[in-house]
Amino acid sequence: MSHRSVAPRSVDAVIVGAGFSGLYLLHRLRGLGFSTRVFERGDDVGGTWYWNRYPGARCDVESMQYSYSWDDALQQEWRWPEKFSAQPDILAYFSHVADRFDLRKDIDFNTTVTSAHFDEGARRWTIETDTGEKISAQFYIMATGCISTANMPDIDGLSDYQGNTYHTGNWPHEKIDFTGQRIAVIGTGSSGIQSIPILAAEAAHLTVFQRTPHYSVPSRNVPMTPEYEREWKEQYSERRAAMRYAGGGSYKESNDISTFSVSEEERREIFEKRWIMGGFAFLGSFNDLLVDEAANETAAEFTREQVRKIVKDPATAETLAPKTYPIGTKRLCVDTDYYHTYNRENVELVDVSGSPIERITADGLVANGRDFRFDSIVFATGFDAMTGTLFKVDIRGRDGLALKDKWHAGPRTYLGLMSESFPNLFTITGPGSPSVKGNMATSMEQHVDFVTDCLIHMREHGLELMEPELEAEDKWVETVQRVANGTLFPRANSWYMGANIPGKPRLFMPYIGGVGTYRKICEEVVAEGYRGFRLHSEHAAVAAAE
Ligand code: NA7
C-alpha cells in the first residue's frame with residue numbers, strides 16, 4: 001500500500017505502529033520537515049482497532065472523547081453513529097484520517113521491526129525489519145500501544161485440537177459464521193464480556209470458562225442524538241482543554257465527595273443514578289472508591305446486587321459476582337446485556353477458579369474433570385500488556401544492553417517516555433505514564449506532542465542525543481510505585497500488575513497519579529529546561545536550557 005518509489009534508508013525518525021499515536025506522530029513530524037519511516041505489521045492503519053475485530057468489539061470511552069483533538073475541522077465534520085463506537089466505526093475513522101492527511105503513502109505496511117540497536121559511534125539507531133531492510137535513524141519511536149501482543153495461554157494439548165480457534169485480539173478479517181456451533185469462550189475480561197452476548201445469540205451453545213469474575217457496568221449505549229453531538233461540537237475546545245487536565249483524561253467524570261460523607265440512602269441514590277448513566281461514570285460516584293477499602297466495598301456490593309437481580313439462577317449469579325478484589329482494580333468492564341446472557345438456555349458458565357483448564361483435546365477440552373466438546377474455542381485471554389510488544393523487538397541501547405534485561409525486574413522509565421542507556425528512544429504511552437489508566441486518546445496526543453517538542457528543541461539547539469538521568473529515572477520509578485501503593489490497585493491480579501502472564505514481574509506499570517497531574521509534571525520538566533534529561537551535542541553534554 002506504500003506509494004513511495006524510493007524509501008530513504010537514513011531518516012530523522014523511525015516510528016513503529018500506525019495506530020492512534022503513530023498516525024498523529026507521522027502527521028506532526030512530516031509537517032515539521034522531519035524525515036520519517038513508519039513501519040506497521042498490519043496491512044492497514046488502525047492499530048488496536050485493526051486487530052480486535054471480534055464480535056461486539058467496542059470502545060468503552062465515549063466516541064466524542066475517543067478521537068483526535070488536533071484538527072478542529074476533523075472533529076467538527078466527523079459523525080459518530082453511536083455514543084460508544086463499535087470497532088468498524090473506529091477503523092473507518094482512522095481510514096478517513098489516513099486519507100484526509102495523505103498518511104498511507106509514508107507507511108510501510110505488512111512490515112515488522114525485528115531489531116533496533118543503538119550505535120554509540122554514529123549516535124544513531126540501526127533498525128531492521130522482517131523484509132530485510134536496514135534503516136539508520138536519529139530517533140526511534142515505539143508507538144505500538146499498550147495491549148497489542150495477544151496472550152495465548154499455554155494449555156496442554158492445544159496443538160491436538162481439530163476445531164477452530166480464535167483469539168479476540170487477533171481476529172480474522174472475514175465474518176465467521178458461528179450458527180449451529182458449540183462454542184467455548186475462555187476469559188471474561190472486556191473482550192470476553194463484549195463478545196459473549198453476541199456469540200451466544202448466534203451459536204447453538206456457548207460455554208464460558210471463567211477464572212476470575214470481572215465487575216461490569218452497563219454501557220447504555222445509544223445512537224448519537226443530534227442534540228448531544230451539537231452540544232459537544234459547540235464546546236469542543238473547552239471540553240478538550242478540560243479533559244487534558246482531568247484525572248482520567250475524560251470530560252465529566254468524578255463526584256468530588258467521599259463515600260461516607262453522605263447517608264446510606266443518598267449513597268445508594270448516587271450509585272443508582274450512575275448505574276443508569278452507564279459506563280465508567282459509576283467509578284466516579286465518589287472520590288475515594290479506589291483508595292479506601294470500606295468505600296470501595298459499598299460500590300462493589302452494589303454491583304453484586306445488580307448481578308443477583310439480573311441473573312435468574314442464584315448459583316450462576318454468585319459465580320459471576322466478584323468478591324476477591326476491590327472494584328476498579330482490574331479494569332472495569334462496560335457491557336451490553338452481559339449478565340442477561342446467562343439467562344439464556346444455550347449458555348453455561350463454568351468456574352475454573354479452583355483448578356485450571358486441564359487440557360485441550362482433539363474435539364474440546366477437559367475442565368473440572370469434565371469432558372467438553374466444541375466446534376470452536378474463542379480465547380478472550382488478554383494481552384502481554386505494556387511491555388510485551390516492546391520486548392518483541394530486539395532493542396539494544398548503549399553497550400549492547402537489551403531493554404528486556406534492563407527491565408528484567410519491571411519497566412524502568414523516566415515519565416514513561418524514555419529509559420536511561422537508550423538515548424533517543426521514545427515510548428509513546430510507555431509504562432510509567434498514565435496510558436491505560438485514563439482516556440488513551442488524551443494521553444497519546446500528549447505524548448506525541450511532548451516527543452515532537454523534544455525533536456524541535458533539539459533541532460533548534462543543535463543537540464543530538466536525549467536521555468534520562470539515572471537519578472531522575474530511579475526517582476520516577478519509585479514515584480510510580482509509591483502512588484500505586486497508596487491505592488487499592490495492587491490488591492488485584494490484573495494485567496496492570498503483569499499478573500496475567502506467568503513469570504512477569506508483579507508491579508503496577510502505569511502512573512496512577514492522574515492524567516492532569518502527569519501533564520503538569522511534564523510541563524514543569526520542560527519549563528525547567530528538560531529537568532531530569534541529559535541533552536548532548538556532538539562533543540559535550542550541554543544544559544538544554546542554554
Ligand atoms: P483481560 O482483561 O486480560 O481478560 C483476560 C481474561 O482471560 C481474564 O478473565 C483472565 O482471567 C482470562 N484468562 C487468561 N488466561 C486464562 C487461562 N489460562 N484460563 C482461564 N482464563 C484465563 O483481556 P481482555 O482482552 O478482555 O481486555 C484487555 C483490555 O482491552 C481491557 O482491559 C480494555 O482495556 C481493553 P484472570 O482475570 O486473569 O483470572
Side-chain angles (χ1 to χ4, degrees), residues 19-20 47-49 51-61 66 84-85 87 90 145-158 165-171 184-196 207-216 219 248 279-280 283 319-320 322-325 328-335 338 349-360 365-368 372 377-386 388 429 434-441 443 489 491-502 504 506 509-510:
F20 210 126
T48 294
W49 302 102
W51 298 104
N52 285 264
R53 295 170 186 247
Y54 59 86
R58 186 177 288 285
C59 187
D60 45 22
V61 175
Y66 189 80
F84 291 96
S85 292
Q87 174 270 336
I90 304 176
C146 297
I147 40 174
S148 40
T149 293
N151 165 41
M152 197 64 169
D154 187 16
I155 304 175
D156 275 356
L158 188 54
T165 58
Y166 304 93
H167 193 290
T168 48
N170 197 1
W171 198 264
V185 173
I186 302 175
T188 52
S190 298
S191 306
I193 280 178
Q194 288 186 336
S195 56
I196 284 164
T207 309
V208 177
F209 293 88
Q210 174 189 273
R211 186 163 71 182
T212 314
H214 281 57
Y215 294 91
S216 187
S219 75
F280 286 122
L283 271 188
T319 308
L320 286 166
K323 298 175 196 88
T324 56
Y325 63 96
T329 57
K330 270 163 109 75
R331 196 166 189 282
L332 187 69
C333 297
V334 177
D335 73 274
Y338 176 61
L349 179 66
V350 176
D351 179 1
V352 288
S353 62
S355 57
I357 292 169
E358 287 157 46
R359 62 181 183 279
I360 310 266
L365 59 81
V366 180
N368 298 340
F372 295 85
I377 301 178
V378 173
F379 289 87
T381 44
F383 300 88
D384 184 354
M386 316 289 295
T429 62
S435 64
V436 290
K437 286 313 305 153
N439 180 353
M440 281 292 277
S443 291
F489 279 98
R491 304 279 185 88
N493 289 323
S494 64
W495 57 259
Y496 300 139
M497 298 287 297
N500 63 327
I501 302 294
K504 202 166 167 171
R506 192 179 194 287
M509 291 183 279

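Atoms within each ligand, like the ligands themselves, are counted from 1 in listed order. Count residues from 1 along the sequence.
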- Item | Asp60 versus Ser190, closest heavy-atom pair with distance | OD2-OG, 4.5 Å
- Message: If we count only N and O atoms by modelled type, under 3.5 Å, do the side chains of Arg53 and Asn170 hold a donor and an acceptor together?
- Response: no
- Item | For Asp351, all residues meeting salt bridge (charged side-chain N to carboxylate O under 4.0 Å, His left out), sequence neighbours excluded | none
- Contacts of Arg211 that satisfy salt bridge (charged side-chain N to carboxylate O under 4.0 Å, His left out) - sequence neighbours left out: none
- Query: Regarding Lys330 and the six-membered ring of Tyr496, is the cationic atom NZ or CZ under 6.0 Å from the ring centre and inside 45° of its axis?
  - Reply: no
- Query: For Asp335, what residues pass the side chain to side chain contact (heavy atoms under 4.5 Å, CB included) criterion, not counting sequence neighbours?
  - Reply: Ile193, Ser216, Tyr338
- Distance filter under 4.0 Å, heavy atoms only, around ligand 1 gives Ile147, Pro153, Ile186, Gly187, Thr188, Gly189, Ser190, Ser191, Arg211, Thr212, His214, Lys330, Arg331, Ala380, Thr381, Gly382, Phe383, Trp495
